[in-house]
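What follows is a single structure, written as structure tokens, with notes after it.
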Amino acid sequence: VTLRNTVALLLAAAAAASAAPPPAATNAPENGILQVLVTYQRYDSRLPWRRDRPGTREGYGVVVGPGEVVTTEDLIRNHTLVELRPTRSGVKLPATVRRSDSQANAALLAYAEGDPTRALRPVALAPRIAKSAPVRLVQFDDSGQPQTSEGQVMEIAVASLPSGPGSLLTFKVSTEMKVGGTGTPVFQDGRLAGLVMRYDRDEQTCSVLPTDVLRRFLESPTPTASCMAHAGFVWAPLLDPARRAFLGVTDETGGILVLRTLPGSGAAAVLKPQDAILDWDGLPVDPEGYYEDPDYGRLLLPHLINGRHAPGDTVRVGVVRDGRRQTLSLSLGTYDDRRALIPENVEGRQAAYLVEGGLVIRELTADYLQAYGSRWMLSANPRLVNLYLTRAQLPETPGDHVVILSGVLPDPVNVGYHQFRDEIITHVNGEVVRNLDDVFRVAEREGGIRRVALHSFGVDLVLDAAALPAANQRLAALYRIPALRQRAAAPAGASAPPPRRTE
Amino acid sequence: MTSRGILGAPFRLATLLALALAAPNLTAGPANRARLSVVKVYSTVQREDYAQPWQGGGPGSGTGSGFVIAKRRILTNAHVVSDARFIEVQRDGDPTKYQARVLFAGHDCDLAVLAVDDPAFFQGTRPLALGTRIPALNDEVTVLGYPMGGTRISLTQGVVSRMDYSPYSHSGVDSHLVMQVDAAINPGNSGGPVMFRGRVVGLAFQGIPGAQNIGYAIPLPVLEHFLRDIEDGVYHGYPELGVVDLDTRNPALRRDLRLPGDGGVAVAYVDPFGAAAERLKPRDVLLTVDGHAVANDGTIQLDGNTIEYTELLERKQWGEGVRFLVWRDGSSRVIDVPLRNPPDPFIFRYLYDRRPEYFVTAGLVFVPLSRPFLATLGSDLNTPSAQSLLYHSQYAKVDGLYTNREQFVVLAARLPHPINTYHEPFESLIVHSVNGQAIRRLQDLPEALGHPTNGFHVVTFEGTDDRLVVDARAVPAADREVMARYEVTQPFRFEAEEAP
């Protein structure tokens with residue numbers, strides 16, 4: 001059950017093939033910055049037809065094309081209103097989210113060009129970050145006046161996303177400026193080097209989403225899928241000499257160990273558990289999973305997978321299998337959260353659900369468990385937490401999800417059942433249900449749910465079929481449920497969120 | 001769904017803070033006579049060291065209270081004398097301390113009986129008589145004992161505020177009847193009598209830190225149960241029916257079960273180690289218990305009171321029977337259940353007066369999963385490996401995790417040595433197999449390690465695909481070095497049989 005960082009999931013992106021066009025040297029980068037004002041509203045984790053109170057976030061975006069602004073995805077997550085404020089101005093212009101990619105933590109906003117935005121100029125993206133050269137951070141003061149501050153690149157490394165479990169290339173900048181929002185642009189030589197994702201007040205450092213990822217996002221040919229490549233395997237370091245000898249990896253000095261491949265992934269097609277990966281895309285991988293990146297030096301494997309290639313690319317992978325060296329050809333895909341047994345739902349999309357006789361039925365997701373607070377591993381139902389920690393990415397058959405009885409809304413029709421909460425549902429009306437679609441199918445075919453079987457519980461919860469229609473109406477009115485049945489929304493604009501502990 | 005949890009362990013008197021003592025009115029009266037029989041218990045305790053099980057823990061000392069009962073015995077709390085290495089008792093006003101020893105300890109009900117071999121101790125004492133009935137709410141009671149804040153006996157008065165069914169924190173698992181009183185009860189009161197009209201109706205035992213005017217006592221029925229249990233010279237403990245049930249208040253459920261009348265509770269889960277195993281099954285409906293009709297919410301009427309049917313079972317001794325009228329498959333039948341359980345290694349009580357099992361090789365310390373071992377993990381249990389251990393301890397039976405196992409064997413710790421430098425990720429994980437052999441209990445380890453896989457020991461764990469690999473030829477030398485460096489006096493300790 002260990003979730004060591006080394007067993008973190010790899011998403012991949014590759015260095016941009018085409019170099020950015022040379023910037024308009026006369027254009028000061030301040031002329032391409034907008035403040036992004038977001039009103040957002042999350043869904044209630046337990047009662048998915050409810051929404052939490054709206055909140056606001058402030059951050060920044062950078063003009064990258066006519067009427068187009070790039071910012072971080074976590075800034076605009078669950079937005080109900082996005083507004084842009086140009087420099088030296090109190091004007092707030094409405095904007096729309098054209099697409100977003102939570103695995104790249106990037107979003108593209110659009111606004112109508114007109115008078116207040118006339119002075120805005122697109123900013124060119126830097127080809128890459130130079131560790132030696134200084135950077136400049138820009139944000140607005142209260143009057144909308146740009147404030148700039150020098151910064152220094154401290155570290156370029158693969159790190160976990162601050163608001164999601166994936167890992168990607170990130171650089172750390174130290175600055176004396178008190179950074180006030182995500183998306184704060186970082187410039188190097190007058191070009192956009194990245195957007196601030198998080199600011200650490202104590203350390204006075206920012207973690208910055210690099211230009212490499214932004215470019216990949218902006219140039220992505222498929223707006224509905226993530227731009228980040230995903231291989232689909234879980235690995236561990238291969239340092240232990242006994243382990244290496246046991247696997248017959250004796251002639252080599254490098255290599256990491258494949259523990260598991262994810263069903264349906266590119267890795268599942270060619271890699272096997274206990275393979276030792278010696279090189280990836282021609283670059284040797286050391287026993288801790290580091291490689292020597294041509295641009296950035298020593299980096300962890302995730303960037304080799306998702307930083308140097310795009311989904312659809314094929315890479316050559318050198319392995320030792322059963323003591324023999326082989327070269328395999330692995331095709332990179334994208335991570336699709338909905339294929340997981342227990343999806344992450346980092347974007348906090350509305351859960352599909354069904355309320356029947358007051359029984360609230362839905363699928364288990366990571367965000368549902370994490371809504372139990374910072375100690376969710378102890379606070380949430382132990383069976384559900386254990387299933388998530390050990391099997392989240394491993395449906396027994398494709399399409400499997402965990403259907404749960406989230407809770408019971410008390411009503412005379414469900415008297416005697418009020419205590420049930422976070423139980424796994426195995427059968428509905430006597431039929432096995434593998435996901436919520438199965439529940440919908442049974443409920444629609446049979447005109448309702450009369451009987452629910454729970455995991456490890458030998459008595460079915462039985463509902464009075466004749467009383468159900470009236471009870472459902474009563475419940476909907478009493479608890480003010482606008483829809484008793486809500487199917488999954490079609491996948492919005494881009495991507496699904498990154499999974500946790502696979503590469 | 002589990003009836004016994006591993007979390008939510010309450011509190012003990014020993015954790016309470018001091019309060020000023022009430023000044024007793026020591027005039028002649030029943031309470032004043034009783035004080036001659038209330039003794040202070042001094043015990044030096046040595047807990048086991050579950051983190052380094054080859055050595056004992058550091059000894060510590062504490063005090064509690066107790067009182068003389070018939071046959072020259074002293075009744076006190078089990079938690080006062082558990083893991084004791086040396087016990088003395090002292091009467092109020094007598095400078096002499098007499099050595100005492102534990103005759104019986106009931107850890108599931110936190111009661112113990114002590115003997116004092118020197119007959120001089122009992123001169124002038126009179127056994128306190130147990131009451132004939134539980135006092136009613138608001139009846140005034142007196143608590144006697146030796147709480148902190150002074151050295152001599154203390155009497156405090158209060159009323160019975162509540163009778164409830166609550167967890168007993170000493171075992172961390174069991175729940176029994178508890179009497180709540182508003183008299184001051186403080187650390188050191190543990191084991192002292194609660195008197196009503198000159199008779200013992202309870203024994204002070206635990207409190208809630210921070211709460212005011214709440215003290216808990218073990219009430220008369222539990223004291224009587226314990227004393228009757230040990231009459232044959234052996235403490236058996238409370239039998240456990242082992243049934244999870246569901247109310248049948250829902251009319252649709254009643255129709256589905258084709259239930260006649262309007263009572264009964266439906267059996268939803270039968271504990272394989274419970275008394276009802278093999279006798280009751282899911283979808284059975286319990287209509288009567290020993291002739292008392294079970295209502296659809298699980299209560300029965302007894303002596304004019306409404307109580308849970310399980311409370312009736314609480315009054316039974318180990319080996320007695322209970323008769324159910326059971327509705328099964330559309331007809332009723334009588335089913336007799338003898339109330340005795342096989343030893344249950346998956347109940348995860350706190351363990352006392354027994355030495356821990358362990359096995360050390362290659363600097364890897366293996367132990368069976370136990371409640372005291374979980375306590376060594378410290379306060380940060382919000383980690384995946386701790387979560388897995390807690391899940392296994394709570395859901396072992398109900399989720400079938402115990403199947404083909406007698407214990408969960410855990411890689412508890414690593415005594416660092418070059419042979420195990422890279423094995424840190426496996427700490428706190430449950431062993432699945434060693435060299436291809438399933439590990440059902442700790443004793444399986446030496447046998448499985450006798451058959452290396454191509455010269456290596458390969459260990460697999462629950463919840464991860466990662467494996468631990470050790471060069472088998474390097475183990476004997478590493479064992480010698482680890483044993484010497486960390487002063488592991490014995491490389492293993494196995495227990496032949498679980499004590500009941």
Side-chain angles (χ1 to χ4, degrees), chain A residues 1-4 6-7 234-247 257-260 273-274 357 374-383 385-391 412-417 419-420 423 450-451 454-468, chain B residues 1 7 244-257 266-270 281-283 296-297 381-388 390-392 394-395 398-400 419 421-423 425-430 453-458 461-471 474:
Chain A
V1 183
T2 46
L3 297 183
R4 297 183 303 285
T6 45
V7 193
V234 182
W235 59 276
L238 193 47
L239 288 157
D240 188 351
R243 188 104 192 245
R244 297 181 70 89
F246 177 69
L247 291 166
L257 186 64
V258 176
L259 294 179
R260 172 197 285 181
Q274 307 299 308
S374 61
R375 293 171 65 79
W376 60 272
M377 279 190 242
L378 288 178
S379 318
N381 176 291
R383 177 190 283 146
V385 174
N386 194 258
L387 198 56
Y388 170 69
L389 292 175
T390 58
R391 306 271 329 264
V413 78
N414 55 42
V415 65
Y417 307 151
Q419 70 275 29
F420 290 99
E423 296 291 336
R450 305 180 312 273
R451 173 186 293 274
L454 305 178
H455 180 69
S456 298
F457 200 76
V459 180
D460 293 354
L461 309 189
V462 185
L463 296 168
D464 183 345
L468 265 182
Chain B
M1 284 314 120
L7 291 171
V244 175
D245 54 54
L246 178 66
D247 292 357
T248 61
R249 288 187 293 151
N250 196 290
L253 177 62
R254 299 187 62 82
R255 274 200 299 281
D256 188 58
L257 295 163
V267 174
Y269 172 76
V270 181
K281 54 185 196 181
R283 283 180 71 81
N296 61 20
D297 65 349
L381 298 174
N382 198 33
T383 65
S385 55
Q387 198 281 337
S388 172
L390 292 170
Y391 167 68
H392 278 80
Q394 289 174 292
Y395 286 73
V398 77
D399 277 5
I419 198 169
T421 295
Y422 301 102
H423 297 163
F426 302 101
E427 287 180 40
S428 298
L429 297 184
I430 294 174
T453 315
N454 305 326
F456 295 90
H457 296 308
V458 181
F461 297 88
E462 298 294 336
T464 176
D465 299 302
D466 213 350
R467 302 170 189 192
L468 184 155
V469 176
V470 180
D471 183 345

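Only heavy atoms go into these numbers, but all of them, side chains included; no hydrogens, no water, no symmetry mates. Below, chain A is the first sequence line, B the second, and so on; all start at residue 1.
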I would like to know whether A/Arg243 and B/Asp466 meet salt bridge (charged side-chain N to carboxylate O under 4.0 Å, His left out); could you show each step before the answer? CA-CA 11 Å; A/Arg243 188 104 192 245; B/Asp466 213 350; 2.8 Å; yes
Checking side-chain hydrogen bond (donor to acceptor under 3.5 Å, both in side chains) against A/Asn386, which of B/His392, B/Gln387, B/Glu462 comes through? B/Gln387
For B/Ser428, which atoms come within 4.5 Å of any heavy atom of chain A: side chain, backbone, both, or neither? neither
Which portion of A/Leu463 sits near chain B, non-hydrogen atoms under 4.5 angstrom: backbone
Could you tell me which portion of B/Val270 (side chain, backbone, both or neither) has an atom closer than 4.5 angstrom to a non-hydrogen atom of chain A? neither
Applying side-chain contact (heavy atoms from CB on, under 4.5 Å), can you list everything that pairs with B/Asn250, at least two apart in sequence or on another chain? A/Val415, A/Tyr417, B/Ala252, B/Leu253
Heavy-atom contact with chain A under 4.5 Å, split by part of B/Arg254: neither
Given heavy-atom pairs under 4.5 angstrom as the criterion, report whether the side chain, backbone, both or neither of A/Leu247 touches chain B. neither
Output all residues satisfying salt bridge (Lys or Arg N to Asp or Glu O under 4.0 Å) with A/Arg451, sequence neighbours left out; order by chain, then residue number. A/Asp460, B/Asp256
Counting only heavy atoms closer than 4.5 Å, note whether A/Ser374 contacts chain B via side chain, backbone, both or neither. backbone
How are the rings of B/Phe426 and B/Phe461 set relative to one another: parallel (under 30°), tilted (30 to 60°) or perpendicular (over 60°)? parallel
Quick one: of B/Asp471, B/Asp247, B/Asp399, who has the most non-hydrogen atom pairs under 4.5 Å with chain A? B/Asp399
Segment of B/His457 engaging chain A (4.5 angstrom heavy-atom cut-off): neither
Give me the atom names and distance for the closest heavy-atom approach of A/Pro241 to B/Tyr422. CD-CE1, 3.7 Å
